[in-house]
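Before any comments, here is the structure.
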Amino acid sequence: MPPPSVLPLGLCPPSCTRRVSPPPCLLGPGCAGAEGGDLPAELHRGASRLMTVSEGVNAGTPAGGRWEALRPTCTCSRAPLGRLLSSRNFSNLLGTVYRCGNLNFTCDGNSVISPVGNRVTVFDLKNNKSNTLPLATRYNIKCVGLSPDGRLAIVVDEGGNALLVSLVCRSVLHHFHFKGSVHSVSFSPDGRKFVITKGNLAQMYHAPGRKREFNAFVLDKTYFGPYDETTCIDWTDDSRCFAVGSKDMSTWVFGAERWDNLIYYALGGHKDAIVACFFESSSLDLYTLSQDGALCVWQCDTPPEGLRLKAPTGWKADLLQREEEDEAEGEGEGEREATIRGKATPTAGEQQGKVKYSRLAKYFFNKEGDFNNLTAAAYHRKTHLLVTGFASGIFHLHELPEFNLIHSLSVSDQRIESIAVNTSGDWIALGCSGLGQLLVWEWQSESYVLKQQGHFNSMVSLAYSPDGQYIVTGGDDGKVKVWNTLSGFCFITFTEHSSGVTGVTFTATGYVIVTSSMDGTVRAFDLHRYRNFRTFTSPRPTQFSCVAVDSSGEIVSAGAQDSFEIFIWSMQTGRLLEVLSGHEGPISGLCFNPMKSVLASASWDRTVRLWDMVDSWRTTESLALTSDALAVTFRPDGAELAVATLNSQITFWDPENAVQTGSIEGRHDLKTGRKELDKITAKHSAKGKAFTTLCYSADGQSILAGGMSKFVCIYHVREQILRKKFEISCNLSLDAMEEFLNRRKMTEFGNLALIDQDAGEEKGVAIPLPGVKRGDMSSRHFKPEIRVTSLRFSPTGRCWAATTTEGLLVYSLDAQLLFDPFELDTSVTPGRIRAALRQRDFTRALLMAFRLNERKLLQEALESVPPDDIEVISSSLPDLYVDKMLEFLASSFEASHHLEFYLLWTQKVLLVHGQKLKTRAGKLLPAIQFLQKSVQRHLDAVSKLCDWNRYNMQYALAMSRQRGMKRPSEPPGSEEEEDDDSLHLLGAGDGDTDAEGLLM
């Protein structure tokens, strides 16, 4: 009887009756994984507690059976599942750089922290990289507060839910709910307190410290005073006082402690809502800015050192006698919440001997007749630099307190939502939520440090380059953007299309991008010169819905949405070669066979047709389907075809024999949500939803499917079972996220979602309808629906990407948390590996390190090999370990600085085992492409460095030749001779004409 197949525990079906709970560690207290042992801790805790159950084996004892140090296993009848697909985690968010909320610079001033939807992205401006933190809030992020030391951040969403995040370990430390919508949050400069503005009040909390606490947020004081919503906060340098601005056109100065000579009253002088307020450096002087573009300068008659603490007893002149007595009684019991109320107009007797404010000046940003709303502001105290942003996309730089204009610039035609200045005052970050734009401007040199913008509308399609280094995306805004997967930045945008882009793809060389659009054109872009070098059109205008390029890069095909035809062009000449007709519905997908000259086309007429390019484009086969075809794709080896249909099925076909080999029913796995305005339940609305995009994994064993849902499903093709479902978003600010209707929004008059909450808010420059005085009745607020529009697997096999409503999500293999030993037994331990290295038995040490599969040990064993012995050890590696060696070398290029050493290893391994590797080319292709991507990245970096060094050396050489030489005196007025001499300034040397010519 053949042994049963093994499946990890938790992945076997619920009906399996042979589940085995993991027993205690087999080796007992003396296990090598215990303290002092040399077995890995992960192996001791989890992997060594495992066993395989076979017939006649007692589950409680190892007698008669074999204990294996692998995974928790089960003996149900299904095949083992791969670890790679299910162990991928969210890696990065591309395509969207800013949505809403406030921007922050880190304490070193080299990175910008930007809220993107319900996630947070950190843009490292010094190293040119972007990274999205592995956390998400329930709604879109409203504000982010950064601690002074840069270690902690408080992230608050629109629903009032807060996350305490450690920026060092990139993890969530605490969850909290402020029970209301929070507008802003700010830490005190000493890091001991933080203040939030919520409604018409401000609350001060004790900031979380280094010691472990049960509740990280402890409320200290609640401040009342404003009559309308509070909008902004600013602290003094010594953390003694803070100012709060409000929509009631007043600003309040509150004390962090009970100051005897500071009473709380309103500072007026404005005619619109307060947008920002700033303290002067080491002073209580204040600047306030309102939405109508007015700046008030307030002078305080008392320095910060002049504030006197209130005595703990004898508070008889205060209005809130009862609260003070309660606080005095509670001082011995510990810290308690205190409520402090300000007074808008205190009496003259109350102001006697107290801190007084007087308005020195009032300035206006808008000229006469200009009604440009001020929307954001930031102030740098050391340089006295005030940066203001307006609804028209203009920002000004002023020097205070003289209000001298330094310069003004227009960055877009949309509202500037947030402004931040770094610690040195050199860089200014600007965020425009309307365009999803993030800019970092260096005002002294008047140049951009960073200029990034996502797609204005949703992304529709994406494609990986053959080496996995770049991703190209197309959107409904007609733009084509190319992203670097290593840095996360977009480095080129093509805007030639005049309508939405429907399909993008790379050619086999990786330097040409072909796109299709609804404007009736198919365009080819060159990544060397960044230009549109080919434009393909049809004889009569038509809208193209998809595009495909064959493996040679010579044939371009596109499917029409309205004429039901397929057009074939030549890439070399740009001429139309053929028009393929036969479909009776719009073409929904095209795909070329990677190994043969066969084109597959899917249509809404319930057929998939196979066209032979060699035999005069004849239809070789027509595959009949049970429903409309929505997507089609070939397996990487070309031996299988997958089709997604409108009835939520995925069918698999043998393209050679036109025989269906299997099908997957995905209706229940799609699990669509219910929209806010839906009249039917999510279960019934799911009947009209289906998978709209398909993609095979790099090895062809699994297939990814996504559609009008928040889930991406990964299926095992041969077994036709679901491996894993990835939830791409948990953002409730998007529509169709919840499965059931929110009863809180249902009233006797109807659904509250029908009411446009933002209709009364005047944001930006709006052109209202005639007669409308408040808001714009022509504008509509809508929630974008969550969906997956395109899926692609990286050719390197280590990550996959999805274009969604939130942006371009990249999921990669999390190698840090993965422990996956290979043919491991009890004789393989870290101690024995190091002992073999000391005995200079490098081959044995390498093989044991591969079997244990711990990266640090493997790196230690590999780098202990002398360079002269690399060729001998490479030739002694068994074929089974060559694949693992190539994968390890490719991943080592990304982190290690020993470039020549690892290049030598790569060269020797490929030379020795090259002939044998050719026979397994299909299986090794992802590893080879990953290796090529890593080597190419180093080649680009080193070549740029060499060119720069060469230029500097030639410049230094030319300048040294000029030193000590005197220019001949010229008679006054001889301009021609002066010009001629200036041209030969670097040419007067001994004769190295190449260097001189290059310099000129």
Side-chain angles (χ1 to χ4, degrees), residues 79-92 461-472 485-486 504-510 548-549 551 591-595 631-642 650 652 693-706 712-719 723-724 726 788 790-803 808-815 818 820 882-891 893-894 917-937:
L81 299 186
R83 59 162 174 91
L84 289 179
L85 286 165
S86 59
S87 61
R88 281 180 171 77
N89 294 326
F90 173 77
S91 171
N92 207 356
S461 56
L462 85 148
Y464 267 99
S465 62
D467 59 357
Q469 194 168 358
Y470 304 118
I471 295 177
V472 58
T485 56
L486 297 174
V504 294
T505 184
F506 272 95
T507 59
T509 60
V549 181
S551 56
C591 186
F592 275 97
N593 192 320
M595 300 301 173
V632 61
T633 182
F634 273 101
R635 205 166 66 182
D637 59 0
E640 190 176 65
L641 184 73
I650 304 173
F652 301 97
T693 176
L694 291 177
C695 175
Y696 273 98
S697 61
D699 56 3
Q701 296 182 4
S702 303
I703 192 165
L704 282 76
V712 171
C713 302
I714 299 182
Y715 294 97
H716 191 280
V717 176
R718 184 165 52 88
E719 298 297 331
R723 279 188 163 180
K724 188 171 182 180
F726 287 91
V788 180
S790 183
L791 286 168
R792 288 296 179 270
F793 213 96
S794 173
T796 62
R798 299 184 65 85
C799 56
W800 57 270
T803 53
L808 177 60
L809 302 177
V810 180
Y811 287 77
S812 63
L813 183 65
D814 190 1
L818 185 66
D820 185 36
V882 173
D883 307 354
K884 298 184 176 296
M885 173 64 81
L886 290 176
E887 290 182 6
F888 178 75
L889 290 174
S891 60
F893 275 114
E894 294 186 344
L917 293 177
K918 284 184 179 180
T919 60
R920 309 195 308 273
K923 182 180 178 182
L924 287 175
L925 187 60
I928 297 296
Q929 287 176 331
F930 184 32
L931 187 64
Q932 179 189 357
K933 172 186 173 182
S934 303
V935 174
Q936 183 67 36
R937 182 173 64 89

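What you see is a predicted model; the values in this text were computed from it and never measured.
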Using modelled atom types and a 3.5 Å cut-off, is there a donor and acceptor pairing between side-chain atoms of [X] and backbone atoms of [Y]?
X: S790; Y: S461; answer: no
X: S465; Y: Q469; answer: yes
X: T633; Y: L694; answer: no
X: S551; Y: A508; answer: no
X: S697; Y: S702; answer: yes
X: N593; Y: G638; answer: yes
X: T693; Y: G706; answer: no

Can you tell me how far apart [atom1] ([X]) and [atom2] ([Y]) are? Round to the nearest 0.5 Å.
X: L704; Y: R723; atom1: CG; atom2: CZ; value: 10.5 Å
X: T485; Y: Y464; atom1: OG1; atom2: OH; value: 6.5 Å
X: Y696; Y: D699; atom1: OH; atom2: CG; value: 11.5 Å

Report task. Check whether any side-chain heavy atom of P466 lies under 4.5 Å from a side-chain heavy atom of F506, and answer yes or no. Result ->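 Side chain of P466 against side chain of F506, heavy atoms only: contact under 4.5 Å found.
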
Query raised in the report: In terms of the angle between their ring planes, are Y811 and W800 parallel, tilted or perpendicular, with boundaries placed at 30° and 60°?
Result: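 Geometry flag for W800 against Y811: parallel rings.
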
